Peer 1: 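This is the structure I want to talk about, given as structure tokens.
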Amino acid sequence: MPATTPVTTPDAPTSPAPRSVLVTGANRGIGRAIAERFVAAGDKVATIVRSGGAPDGVLEVIGDVRDTASVDAAFAQVEAAHGPVEVLVANAGVTRDGLLMRMTDEDFAEVIDVNLTGAFRVVRRASKGMIRLRRGRIVLISSVVGMYGSPGQVNYASSKSALIGMARSVTRELGARGITANVVAPGFIDTDMTKALPEDRQQAYLGSIPAGRFGHADEVAAAVQFLASDAAAYVSGAVLPVDGGLGMGH
């Protein structure tokens with residue numbers, strides 16, 4: 001009998017192996033939503049926080065991104081539990097708002113140390129494992145303020161705009177090793193921070209947002225998850241705004 005060609009059927013989709021994901025500052029707000037989204041996808045998720053309150057299913061490691069030794073110790077704990085970090089989301093941040101003429105050196109330095117130098121510390125530490133693996137996803141959480149500017153936030157805007165240069169420099173250094181570095185720039189997101197604003201200020205902000213509403217933390221988390229996915233393997237050094245059109249053109 002003549003040979004027959006076996007009939008093949010497409011392979012059934014398989015779930016990717018759980019990855020080791022680290023989200024700094026996942027105890028509240030946007031960071032919490034990001035961590036929860038990765039947990040829901042089946043990844044092994046950890047966070048570095050200065051105080052407790054991580055979501056269910058997230059390995060909570062107490063640490064301080066302002067201190068290199070603390071960052072190193074926290075990464076060692078995460079690696080022992082979950083393996084080398086494959087996805088890093090640098091989200092931890094603080095504000096110390098004040099008008100330029102009244103802003104102290106301490107107010108400026110504190111925000112830069114957490115938001116910018118803290119991101120540098122965790123990116124530097126995560127890159128060691130990613131280089132060995134020859135793969136990795138780095139997502140830095142910036143802000144529309146970093147491109148748009150905001151009165152009373154010279155320190156915060158400076159720290160957030162600098163993350164763009166960081167991501168693009170990391171891309172040029174590590175892109176050939178299968179590592180991407182991108183920035184997500186949220187606009188006004190419905191969090192405890194925005195709810196605490198006076199009603200007249202909330203309305204003024206809403207009036208400047210083309211979408212006519214504040215964003216949701218999960219919408220930011222969805223953008224982060226995309227940049228951490230295989231679908232974004234050829235996206236690096238990019239800035240992805242999640243701001244309802246507020247900062248378009250920047």
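What you see is a predicted model, and the numbers here were worked out from it, not measured in a lab.
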Peer 1: How many angstroms lie between atom CG of L174 and atom CZ of R134, to the nearest 0.5 angstrom?
Peer 2: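 With rounding to 0.5 Å, CG (L174) is 10.5 Å from CZ (R134).
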Peer 1: Quick one: NZ on K128 to CG on L133, what's the gap to the nearest 0.5 Å?
Peer 2: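 So the NZ of K128 and the CG of L133 are separated by 14.5 Å.
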Peer 1: Taking atom types as modelled, find out whether T180 and S236 have a side-chain donor-acceptor pair closer than 3.5 angstrom.
Peer 2: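 The answer is no; no qualifying pair exists.
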Peer 1: Using a 4.5 Å cut-off between side-chain heavy atoms of Ile, Leu, Val, Met, Phe, Trp and Tyr, which other residues end up in the same hydrophobic cluster as V139?
Peer 2: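 V21, V23, I30, I34, F38, V39, V45, V58, V87, V89, I141, V184, I189, V220, V224, F226, L227, V235, L240, V242, all in the cluster of V139.
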Peer 1: In sequence, state the C-alpha distance, the side-chain angles, and the governing distance for M130 and L88, and then conclude on side-chain contact (heavy atoms from CB on, under 4.5 Å).
Peer 2: CA-CA 10 Å; M130 291 179 180; L88 171 69; 4.1 Å; yes
Peer 1: Got a second to check how far I179's CD1 is from R137's CZ, nearest 0.5 Å?
Peer 2: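 Taking CD1 in I179 and CZ in R137, the distance rounds to 9.5 Å.
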Peer 1: Salt bridge check: are E110 and R66 linked by an N-O gap of less than 4.0 Å?
Peer 2: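 So E110 pairs with R66 through a salt bridge.
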Peer 1: What is the minimum heavy-atom distance between P55 and R32, and which atoms define it?
Peer 2: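 So the minimum-distance heavy-atom pair works out to CG-CG, 3.5 Å.
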Peer 1: Donor-acceptor pair, E79 side chain versus V85 backbone, under 3.5 Å?
Peer 2: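 Flag not set: sc E79 to bb V85 has no pair under 3.5 Å.
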Peer 1: Backbone N or O of V183 within a donor-acceptor pair of the S142 side chain at under 3.5 Å?
Peer 2: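 Not at all, since once roles are kept as given, no pair shorter than 3.5 Å links the two residues.
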Peer 1: Could you check I48 against F75 for side-chain contact (heavy atoms from CB on, under 4.5 Å), going step by step and ending with a plain yes or no?
Peer 2: CA-CA 9 Å; I48 301 174; F75 265 82; 4.2 Å; yes
Peer 1: Looking only at heavy atoms, which two atoms of G25 and T47 are closest? And how far apart?
Peer 2: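 Looking at all heavy atoms of both residues, the closest pair is N-OG1, 3.6 Å.
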Peer 1: Spell out, as yes or no, whether a donor-acceptor pair under 3.5 Å connects the side chain of S161 to the backbone of S158.
Peer 2: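 It does hold such a pair.
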Peer 1: If you count the non-hydrogen atoms of other residues, nucleotides and ligands that lie under 6.0 Å from CZ in R213, is the total more than 12?
Peer 2: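 Buried by this count: over 12 neighbours within 6.0 Å.
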Peer 1: If you take all heavy atoms of R124 and S127, which pair is closest and at what distance?
Peer 2: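 That closest heavy-atom pairing would be O-OG, 2.7 Å.
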Peer 1: Is there any ring-ring contact (aromatic ring centres under 6.0 Å, His included) pair reaching into residues 133-182, and which pairs are they, with sequence neighbours excluded?
Peer 2: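 Counting only pairs at least two positions apart or across chains, the ring-ring contact (aromatic ring centres under 6.0 Å, His included) contacts touching residues 133-182 are Y148-H250.
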Peer 1: Between the side chain of E219 and the main-chain N/O of H216, is any donor-acceptor distance below 3.5 Å?
Peer 2: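 Yes; at least one donor-acceptor contact below 3.5 Å.
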Peer 1: Can you tell me if K160 uses its side chain to pair, donor with acceptor, with the backbone of S143 under 3.5 Å?
Peer 2: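 Checking the backbone N and O of S143 against the side chain of K160, no donor-acceptor pair under 3.5 Å is found.
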Peer 1: Can you tell me how far CG of D230 sits from CZ of R135, rounded to the nearest 0.5 angstrom?
Peer 2: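 Answer for the CZ-CG pair, R135 versus D230, is 10.0 Å.
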Peer 1: Rounded to the nearest 0.5 Å, what separation is found between the CG atom of N91 and the CG atom of N115?
Peer 2: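 One finds 10.0 Å between CG of N91 and CG of N115.
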Peer 1: For N182 and I138, run side-chain contact (heavy atoms from CB on, under 4.5 Å): C-alpha distance rounded to whole Å, both residues' side-chain angles, the deciding distance at 0.1 Å, then the answer.
Peer 2: CA-CA 6 Å; N182 291 290; I138 297 168; over 6 Å; no
Peer 1: Main chain of I112, side chain of S159: is a donor-acceptor contact present, judged purely on distance under 3.5 Å?
Peer 2: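 Looks like no, no N/O pair under 3.5 Å.
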Peer 1: Check for me, please, whether V71 and V49 land in the same ILVMFWY cluster - side-chain distances under 4.5 Å, paths through other members count.
Peer 2: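 V71 does not cluster with V49.
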Peer 1: Between D218 (side chain only) and A221 (backbone N and O only), is there a donor and an acceptor less than 3.5 Å apart?
Peer 2: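 Flag not set: sc D218 to bb A221 has no pair under 3.5 Å.
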Peer 1: How long is the gap from CG on D97 to CD on Q153, to the nearest 0.5 Å?
Peer 2: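 So the gap between those two atoms works out to 4.0 Å.
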Peer 1: Quick one: sort the F214 and F188 rings into parallel, tilted or perpendicular, breaks at 30° and 60°.
Peer 2: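 Rings of F214 and F188: tilted, 30 to 60°.
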Peer 1: Do V144 and P186 have side chains that get closer than 4.5 Å, going by heavy atoms?
Peer 2: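 Heavy-atom side-chain distance check fails, nothing below 4.5 Å.
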Peer 1: Assess, by modelled atom type and distance only, whether the side chains of D107 and T104 contain a donor and an acceptor separated by less than 3.5 Å.
Peer 2: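 Yes, a side-chain donor-acceptor pair sits under 3.5 Å.
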Peer 1: Any idea which heavy atoms bring G63 and S70 closest together, and the distance?
Peer 2: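 Taking G63 first and S70 second, the nearest heavy atoms are CA-OG, 3.3 Å.
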Peer 1: For the side chain of E86 and the backbone of G136, is there at least one donor-acceptor N/O pair under 3.5 Å apart?
Peer 2: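 No; zero donor-acceptor contacts below 3.5 Å.
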Peer 1: Would you find a donor on one side and an acceptor on the other, under 3.5 Å apart, between the side chain of R168 and the backbone of G237?
Peer 2: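 Side chain of R168 to backbone of G237, a donor-acceptor pair under 3.5 Å: yes, one is there.
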Peer 1: Heavy atoms only: give me the nearest A90-V122 pair and the separation to one decimal.
Peer 2: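 Reported closest heavy-atom pair: CB-CG2, 4.1 Å.
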Peer 1: What is the minimum heavy-atom distance between V145 and S150, and which atoms define it?
Peer 2: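 Looking at all heavy atoms of both residues, the shortest contact is CG1-CB, 3.8 Å.
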Peer 1: Group every Ile, Leu, Val, Met, Phe, Trp and Tyr by side-chain heavy-atom contacts under 4.5 Å, then state whether V78 and I62 land in the same group.
Peer 2: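 They do not share one cluster, since no chain of ILVMFWY contacts under 4.5 Å joins V78 to I62.
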Peer 1: Using a 4.5 Å cut-off on heavy atoms from C-beta on, say whether the side chain of V65 contacts that of R121.
Peer 2: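 No; the side chains remain at least 4.5 Å from each other.
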Peer 1: Give a yes or no on whether the backbone of T117 and the side-chain of D113 come within a donor-acceptor separation of less than 3.5 Å.
Peer 2: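 Answer holds: no.
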Peer 1: Applying side-chain contact (heavy atoms from CB on, under 4.5 Å) to M103 and N155, what does each step give before you reach the verdict?
Peer 2: CA-CA 9 Å; M103 185 175 290; N155 49 5; 3.5 Å; yes
Peer 1: Is the shortest side-chain heavy-atom distance between S51 and N27 below 4.5 Å?
Peer 2: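 S51 reaches N27 side chain to side chain.
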Peer 1: Does R96 reach the side chain of V94, with side-chain heavy atoms less than 4.5 Å apart?
Peer 2: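 Yes - at least one pair of side-chain heavy atoms lies under 4.5 Å apart.
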